There are 2 protein chains.
Amino acid sequence: MLKYQRIAEDIEHYIVHNRLKQGDKLPVLEELRRKYEVSKSTITKALELLEMKGIIYQVRGSGIFVRRHKRKGYINLDENQGFRSGLDEFQLTSEVLKLEVMNPSEEVMTNLSISAEEEVYYVKRLRFIHGQRLCIEESYYKKSVVPFLNEQIVSESIFNYLKEGLKLEIGFSDNFFHIGKLTKTEANLLALRTGDPGMYYESVYHLTNGEAFDYSKLVYNFQEAQFYLQINSLS
Amino acid sequence: MLKYQRIAEDIEHYIVHNRLKQGDKLPVLEELRRKYEVSKSTITKALELLEMKGIIYQVRGSGIFVRRHKRKGYINLDENQGFRSGLDEFQLTSEVLKLEVMNPSEEVMTNLSISAEEEVYYVKRLRFIHGQRLCIEESYYKKSVVPFLNEQIVSESIFNYLKEGLKLEIGFSDNFFHIGKLTKTEANLLALRTGDPGMYYESVYHLTNGEAFDYSKLVYNFQEAQFYLQINSLS
DNA sequence: CAGTGGTCTAGACCACGGC
DNA sequence: CCGTGGTCTAGACCACTGG
């Protein structure tokens with residue numbers, strides 16, 4: 001593990017452990033530099049990481065402050081699935097509806113940039129949060145990247161398996177969503193009524209080398225799904 | 001303007017101007033360094049910025065590549081309002097329903113971290129996209145930060161005024177949303193039916209010094225609203 | 001004007017990809 | 001093995017905040 005990652009982690013732990021609140025001041029840069037015995041740039045890099053994660057903000061001429069404006073019960077879109085699995089705080093379980101190897105449809109071919117010959121795993125799950133129906137999930141994984149899946153893996157956290165088991169390095173994702181009315185089939189699965197509100201969410205996940213390996217389509221239950229998102233300015 | 005910002009902008013223009021596509025390779029780091037006559041770290045910083053913005057991705061041992069998986073007609077949540085105003089591509093107009101100075105409600109006090117005495121501007125607008133009703137927006141601006149607003153400013157892009165006119169430096173925002181059914185009042189404004197799907201979106205915008213200055217509540221029309229979001233891994 | 005964070009440099013060394 | 005991006009250092013200088 002790299003120095004700046006270790007330092008970032010340490011500072012994050014420090015914030016959590018000391019129950020620091022929004023706006024609380026952290027030690028100044030020079031002090032951190034002395035504490036960790038690294039160069040200024042390394043500390044800067046660590047703080048930059050924490051800033052991107054929405055954990056702190058830095059004010060020139062003033063100091064480094066804690067950013068903590070989350071609301072309880074909201075799912076963080078950034079750490080959804082592929083990234084920092086912040087869903088641990090939620091009791092998330094799954095019922096596997098389908099698991100098979102297949103050839104991709106046009107839609108899947110487009111989103112994963114593959115040909116009709118390349119096989120994919122198809123996984124359809126019903127996901128529960130605190131025992132309530134949260135969403136229907138249909139995922140397609142490139143078989144060349146994810147060579148094996150079974151009922152057990154798929155009934156737990158797939159992304160955890162991809163990262164811990166297969167050591168896949170996930171780089172970035174493209175996400176699209178809109179609101180609509182549930183079809184009869186969708187409503188049945190979510191124990192709602194036809195025409196009730198639903199959020200339709202699509203993701204394409206890429207490895208660090210840019211290769212797309214997962215295309216997922218989700219339909220969220222309007223009664224259970226609430227999200228939050230921290231955005232930085234990036235001048 | 002800083003060196004690394006200027007370089008990042010230049011590279012972005014280069015990508016757009018040469019119509020580079022997803023996966024196209026950019027010149028290698030050393031070449032860019034020579035071209036711009038700066039140190040390696042400065043180029044790295046510029047590329048990091050572009051990476052965060054979702055414009056490129058870098059692969060160690062391989063190169064720098066263009067990332068361009070947007071879908072047309074989707075609103076980018078990152079560059080919504082406060083940030084890179086990418087809404088220019090959409091024909092966005094507003095009808096002002098209300099504009100007044102008032103004392104904050106409990107809800108506004110909490111979200112802006114202010115007391116009951118501190119006055120705020122209240123703006124209610126109906127926003128149109130390509131002439132269609134996109135959303136109802138209710139915004140509260142701290143009067144101490146935004147001392148003046150009038151009908152004309154408010155009928156155009158408020159954030160543009162805040163940045164260009166007032167020279168406010170926006171640092172980050174916290175965003176929350178969920179799905180629900182429209183009330184009668186909401187449905188009337190959006191020309192939909194009571195009980196139709198809607199997306200309820202709340203934002204709190206902060207200056208670079210961490211001070212919250214805008215709390216906004218939006219209700220999106222399910223027929224017009226579709227969003228995208230690029231997420232990076234941030235190990 | 002002292003304190004604090006931000007930019008930039010030059011250069012050493014490391015880690016990964018692909019031939 | 002070589003080319004490529006990533007980390008890290010030490011230090012100079014700059015820009016903003018707040019008393």
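Everything quoted here is computed from the prediction, not taken from an experiment. Letters go in sequence order (proteins before strands), and every chain restarts at 1.
Along DNA chain C, the nucleotide closest to A:Gln58 and the one closest to B:Glu37 are compared, and the more 5′ of them pairs with A:Gln58. Nearest-nucleotide positions on DNA chain D place B:Glu51 closer to the 5' end than the other of B:Glu51 and B:Asn209. With DNA chain D read from its 5' end, the first of the two nearest nucleotides for B:Arg60 and A:Ser62 is the one closest to B:Arg60.
Among the protein residues, A:Ser41 comes within range of the nucleic acid bases, having at least one heavy atom under 4.0 Å from a base atom. As judged by a 4.0 angstrom heavy-atom cut-off over every strand, B:Leu47 is placed among residues making no nucleic acid contact.
Between B:Ser216 and B:Leu218, some side-chain heavy-atom pair lies under the 4.5 Å cut-off. Residues B:Asp214 and B:Val146 are not in side-chain contact: their nearest non-hydrogen atoms beyond the backbone lie 4.5 Å or more apart.
Computed from coordinates, the A:Glu30 CD to C:dG3 C1' distance equals 11 Å when rounded to whole Å. In this structure, A:Lys40 places its NZ atom 15 Å from P of C:dG3, rounding to the nearest Å. Distance CD1 (A:Ile56) to P (C:dT4): 16 Å, rounded to an integer number of Å. Between A:Leu32 atom CG and C:dT4 atom P there is a gap of 11 Å when expressed in whole angstrom units.
Bracketed by its first and final contacts, the part of DNA chain D lying under 4.0 Å from non-hydrogen atoms of chain B reaches from D:dG3 to D:dT7 in 5' to 3' order.
In summary, the side chains of A:Asn175 and A:Tyr201 do present a donor paired with an acceptor at a separation below 3.5 Å, with no hydrogens or angles considered. Side-chain atoms of A:Tyr4 and A:Glu48 form no donor-acceptor pair, as typed in the model, at a separation below 3.5 Å.
For A:Glu138 and A:Lys98, the salt-bridge test fails: no basic side-chain N is under 4.0 Å from an acidic carboxylate O.
Surrounding CZ of B:Arg19 are at most 12 heavy atoms belonging to other residues, nucleotides or ligands under 6.0 Å away.
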